[in-house]
Amino acid sequence: MRPSCATIDLDALRANYLLAQRLAGARTLAVVKADAYGHGAIACAKALEPLADGFAVAFLEEALPLRTSGIRSPIVLLEGAFDPGELEAAAELDLWPVVHHEAQLRMLELAPRRPRRVWIKINSGMNRTGFAPREAPNVWRRLQALPGLEPPVWMTHFACADDPCSTMTLEQIRRFHGGVAGLPGETSLANSAALLAWPQARGDWARPGILLYGGNPLLTGAEPGEAASLRPVMRLTSKVFATRRLAPGEALGYGATFIAERPVRVGLVAIGYADGYPRHAPTGTPVAVAGRRTRLIGRVSMDMLTVDLTPLPEDVGLGAAVELWGETVSVDEVARAAGTISYELLCHVKRVQRLHRGTELTP
Ligand SMILES: *Cc1c(COP(=O)(O)O)cnc(C)c1O
């Protein structure tokens with residue numbers, strides 16, 4: 001079998017969740033949308049269920065397998081219902097949909113059967129979804145008219161929480177509280193970046209995603225602070241399945257983008273962009289071979305990529321273990337080199353075996 005694997009450390013996931021919960025000082029939803037950012041939503045939710053206050057997914061189809069596999073905690077649908085039938089399903093399965101615009105609120109008012117609780121999204125400046133802060137009292141009046149609904153959770157989402165120097169987050173917090181102050185219900189503001197950088201964004205419910213998986217969402221240059229204690233959850237690994245030597249002047253791979261300036265020892269690694277490794281990662285992107293850091297060279301192909309073995313001892317060659325990201329090379333470093341964010345790399349992983357490791361917790 002091709003030796004390419006994503007190993008998911010469920011103990012690290014739980015440690016990161018506990019860190020998030022400590023930072024939040026409040027109930028904390030584990031965001032497991034997009035198959036838990038590529039880590040396997042069912043396995044991750046089962047590992048977290050004894051600790052977690054609840055979960056969040058993007059939409060109904062992501063919540064169904066969690067309920068089917070026995071997850072009983074609250075589950076928030078971050079995009080809410082797409083049609084009236086979904087509100088009924090949410091009611092049936094005790095899912096908490098977000099309501100973020102007029103059409104969704106109408107749907108809720110007309111629904112024959114409603115979920116027990118909804119989350120109302122307030123647009124505090126990101127200008128994607130959400131009611132204007134000044135509309136909140138009116139939304140509350142309309143909710144009050146609906147029998148069987150508990151007071152909502154008022155939520156908002158930040159555009160720039162990853163930038164500790166931006167003034168936008170404080171402005172968003174101000175606008176949000178300006179809209180919902182005095183209304184019954186609870187609040188939810190913080191994503192991962194806000195938990196790490198903005199203690200002012202505390203509320204009754206936090207919503208960390210990437211932090212659970214060990215990604216640091218803060219822009220480079222920000223103080224690592226609590227992010228320094230995050231543990232990587234996914235290790236993406238493969239092996240060197242062939243080696244070759246390039247003489248000075250010889251080219252490597254598609255586009256001949258890498259030309260050896262001196263003799264170069266090349267390792268071919270059995271993973272490529274069809275597995276989710278970013279094709280845009282340039283020569284120089286860090287990679288670990290036999291536990292030592294070296295660099296990617298040449299263009300990433302669909303099924304393989306090439307690494308520089310020249311700086312490593314001669315006996316590191318055929319069969320050597322390769323870590324694309326994980327303990328030795330962080331997914332954030334690879335993302336930065338490839339001009340993207342860890343979120344995208346993690347949720348694109350596919351075609352490799354996925355193994356979950358960790359101590360079984362007895363509930
Ligand atoms: C995805 C998402 C989150 C989690 O964001 P992270 O940056 O991964 O912590 C929180 N809130 C909402 C509304 C989201 O869509």
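For clarity, every value in this text was computed on a predicted model and none was experimentally measured. In listed order, ligands and their atoms are each counted from 1.
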**Q** Linking Ile, Leu, Val, Met, Phe, Trp and Tyr through side-chain heavy atoms less than 4.5 Å apart, which residues share a cluster with Leu108?
**A** Leu87, Val99, Leu105, Met107, Val118, Ile120, Ile122, Phe131, Val139, Trp140, Leu143, Leu146, Leu149, Trp154, Phe158, Leu170, Ile173, Phe176, Val180, Leu183, Leu189, Trp198
**Q** Test: salt bridge (Lys or Arg N to Asp or Glu O under 4.0 Å). Region: residues 21-41. Which pairs qualify, not counting sequence neighbours?
**A** Arg22-Glu226, Arg27-Glu186, Asp35-Arg354
**Q** Under the side chain to side chain donor-acceptor pair (under 3.5 Å) rule, collect the residues that match up with Glu323, sequence neighbours excluded.
**A** Arg235
**Q** Run Leu10 and Thr359 through side chain to side chain contact (heavy atoms under 4.5 Å, CB included) and show every step you take.
**A** CA-CA 8 Å; Leu10 298 173; Thr359 0; over 6 Å; no
**Q** For Arg244, does the CZ atom sit with more than 12 other heavy atoms under 6.0 Å from it, leaving out its own atoms?
**A** no
**Q** Can you give me a line-by-line list of nitrogen or oxygen pairs between ligand 1 and the protein shorter than 3.5 Å?
**A**
from     : atom 1 : to     : atom 2 : distance (Å)
ligand 1 : 7 (O)  : Tyr343 : OH     : 2.7
ligand 1 : 8 (O)  : Tyr37  : OH     : 2.5
ligand 1 : 8 (O)  : Ile210 : N      : 2.8
ligand 1 : 9 (O)  : Ser192 : N      : 2.8
ligand 1 : 9 (O)  : Ser192 : OG     : 2.5
ligand 1 : 9 (O)  : Gly209 : N      : 2.8
ligand 1 : 11 (N) : Arg207 : NE     : 2.9
ligand 1 : 11 (N) : Arg207 : NH2    : 3.4
ligand 1 : 15 (O) : Lys33  : NZ     : 2.7

**Q** Below 4.5 Å, heavy atoms only, C-beta onward: do Glu250 and Ile259 meet side chain to side chain?
**A** no
